[in-house]
Amino acid sequence: MKTNINENIKLYRKERKFTQEQLAEAMGVTVGAVSKWESGLSVPDVSLIMELADFFGVSVDALLGYKMRGSDVKDTADHIKELIIEKRYDEGIVEAEKALQKYPNRFDIVYRSASLYYNIGIVRQDESALRKALSLFERSLGLIDQKQELNIGKATIQKCIGEIYFYLDEYEKGLELLKKYNSDGDFDSLIGYILAVRFKKNGEALPYLSDALINDVCELLQVAIGFANVYGNRKEYDSGIEVLLWCKSIHDGLKIPGKTSFFDKSSVILLSGCAQLAAAKGDMNAARQYLKEANKIAREFDADPDYTSKNIKFFSKDKPAASSDDFGSTAVEGIENAVLETLGSAENEEETEKAKEFIKIWEEVKKGE
């Protein structure tokens, strides 16, 4: 078994800005011993290897630089995940406990086992399972350098830990943790919810809830457009239009009557998408109606544009958030770009003819015809 422990001791020491003297003092050894470790002239004994790993906050495997064959580990972790999805919790416990004994310092095993006990704790209201999940999630943080899945990170694990504290009625501890790791606003909705529901701290909850509202509805716009493109590529045009109009209804519900807001421009974006899909379907009457509605809203927005969140229902924060998009510098320009885009993306003669007719309709709509 080949390891890189000498290189890793030096790497982790420098990352944490320790001198050899400081590391030697912490480990209760001489500076010469540390120097020999790092130069590869000697290796720490087993107990010191464990102490070093704990001191650096990494797994023993990571410190050793040893990578075992991952196929068995991955298969086991995937199986535990399947058992969670299928809610076969008792089988999952047997599988997880065997895996934890065999691979106690493998991130994927520890993380999946933590997820198993987390789900068991919630579904069965089992405090001991939640405590087990808490311990495993905390252990997984020290092993996270091994992770393979991009959608799992420290923030994901910290959120799970925070939620466990809530389920254990340790709300203050969970709230403190989530606030600490909320640098990107990932936990705004959960923090706002707990502050409002559990602590009745309305003033403190509103800024978190306001930011969550804006972020979520803006992400919803991206999701809807993504779905619409998938449906358009599949030639399932009605489904694409349906998802865009659904998103528009959500955005419309946040508009303050008589006030301009970014959601007016988002309506233009969504209606332009509906017009594109209707034209691709060959329903030019519907395409015209969507363009007319989009053009009307676009001109009203461009006359008094507002990209802040101050004119949005429910938003309650001293400093309004700002939004941006790549649709066009003005809403009308955005429609124009969307219409012309259909000609550039046409892949055959039939699509080209539809695109030309669509452009002609837009020119007529611009003139008020």
Side-chain angles (χ1 to χ4, degrees), residues 1-78 80 96-115 132-162 176-184 186:
M1 178 181 73
K2 184 180 179 181
T3 72
N4 299 315
I5 187 170
N6 61 313
E7 297 172 9
N8 288 337
I9 290 174
K10 186 175 183 179
L11 173 67
Y12 289 127
R13 175 178 63 77
K14 288 189 172 183
E15 279 184 353
R16 287 150 182 79
K17 303 188 185 317
F18 287 114
T19 64
Q20 286 188 341
E21 289 79 4
Q22 289 171 324
L23 180 58
E25 183 179 352
M27 292 295 104
V29 298
T30 65
V31 177
V34 173
S35 178
K36 287 182 178 180
W37 294 344
E38 294 187 356
S39 63
L41 295 176
S42 68
V43 177
D45 62 35
V46 174
S47 61
L48 278 173
I49 289 174
M50 295 175 68
E51 282 188 43
L52 282 164
D54 185 60
F55 182 73
F56 291 135
V58 300
S59 68
V60 172
D61 287 347
L63 182 63
L64 291 171
Y66 170 59
K67 296 188 177 182
M68 64 180 69
R69 286 186 307 157
S71 57
D72 291 343
V73 176
K74 185 180 184 306
D75 289 345
T76 301
D78 288 345
I80 294 172
E97 289 304 317
K98 286 193 300 183
L100 287 168
Q101 287 183 6
K102 191 174 182 181
Y103 308 113
N105 294 308
R106 293 292 298 187
F107 172 81
D108 33 12
I109 295 296
V110 175
Y111 176 78
R112 290 302 173 199
S113 298
S115 299
K132 177 90 172 181
L134 182 62
S135 174
L136 289 169
F137 275 131
E138 288 174 341
R139 191 202 302 180
S140 73
L141 287 170
L143 307 171
I144 201 165
D145 56 303
Q146 302 174 13
K147 78 180 183 72
Q148 300 294 319
E149 296 182 52
L150 296 177
N151 62 335
I152 299 174
K154 287 185 177 180
T156 308
I157 297 171
Q158 295 292 1
K159 183 179 181 182
C160 291
I161 292 173
E176 181 183 356
L177 182 73
L178 292 182
K179 285 182 177 180
K180 180 179 178 180
Y181 293 98
N182 192 41
S183 57
D184 295 326
D186 294 331

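For the single chain, residues carry numbers from 1 onward in sequence order. Values below: all heavy atoms of this structure, side chains included; hydrogens, waters and symmetry mates excluded.
- Contact check on K132 versus E97 returns a salt bridge, with a Lys/Arg side-chain nitrogen under 4.0 Å from an Asp/Glu carboxylate oxygen.
- P44 has its side chain out of reach of V29: every pair of non-hydrogen atoms, C-beta onward, lies at least 4.5 Å apart.
- Between D108 and R112, no side-chain nitrogen of the basic residue sits less than 4.0 Å from a carboxylate oxygen of the acidic one, so the salt-bridge criterion is not met.
- Distance check, rounded to the nearest 0.5 Å: OG1 of T19 to CD of Q22 gives 3.5 Å.
- Within 6.0 Å of CD in E25 there are 12 or fewer heavy atoms belonging to other residues, nucleotides or ligands.
- No side-chain donor-acceptor contact under 3.5 Å links Q158 to the backbone of K180.
- Residues L143 and F107 approach most closely at O-CB, 3.4 Å, considering heavy atoms.
- Taking 4.5 Å as the limit, every side-chain heavy atom of K10 sits out of range of all side-chain heavy atoms of N6.
- The environment of K36 atom NZ is sparse: at most 12 non-hydrogen atoms of other residues, nucleotides or ligands sit within 6.0 angstrom.
- The CH2 atom of W37 lies 11.5 Å from the CZ atom of R13; values are rounded to the nearest 0.5 Å.
- Residue K179 places its NZ atom among more than 12 non-hydrogen atoms of other residues, nucleotides or ligands, all under 6.0 Å distant.
- Proximity of V58 to N8: side-chain heavy atoms (C-beta onward) are nowhere separated by under 4.5 Å.
- Note that CD of Q146 and CZ of R106 are 5.0 Å apart. Values are rounded to the nearest 0.5 Å.
- Between K147 and T156, every side-chain heavy-atom pair lies at or beyond the 4.5 Å cut-off.
- Taking 4.5 Å as the limit, some side-chain heavy atom of F56 sits within range of a side-chain heavy atom of R16.
- Atom OG of S35 and atom CG of L41 lie 7.5 Å apart (nearest 0.5 Å).
- Closest approach of A114 and A133 over heavy atoms only: O-CB, 3.5 Å.
- The CG atom of D54 sits 9.0 Å away from the CE atom of M50 when rounded to the nearest 0.5 Å.
- Judged by distance alone, with hydrogens and angles left aside, the side-chain atoms of D184 form no donor-acceptor pair with the main-chain N or O of D186 at under 3.5 Å.
- The backbone N or O of P104 lies less than 3.5 Å from a partner atom in the side chain of R139, making a donor-acceptor pair.
- Here the shortest heavy-atom pairing between S42 and A33 reads OG-O, 4.4 Å.
- Within the 4.5 Å cutoff, side-chain heavy atoms of V73 are placed close to those of I109.
- Nearest heavy atoms, I157 versus S140: CD1-OG, 3.5 Å.
- For F137 against S115, the heavy-atom pair with the smallest separation is CZ-N, 3.8 Å.
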Output, in order, the C-alpha distance, side-chain angles, deciding distance and verdict of side chain to side chain contact (heavy atoms under 4.5 Å, CB included) for V31 and V34.
-> CA-CA 5 Å; V31 177; V34 173; 5.5 Å; no
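- Scanning all heavy atoms of the two residues, the minimum distance from E138 to I161 falls at CG-CD1, 3.9 Å.
- Rounding to the nearest 0.5 Å places CG of L141 at 6.0 Å from CD1 of I144.
- Contact of the F55 side chain with the L23 side chain is registered, since non-hydrogen atoms from C-beta on lie closer than 4.5 Å.
- Side-chain contact between L52 and I5: absent, with no pair of heavy atoms (C-beta onward) separated by less than 4.5 Å.
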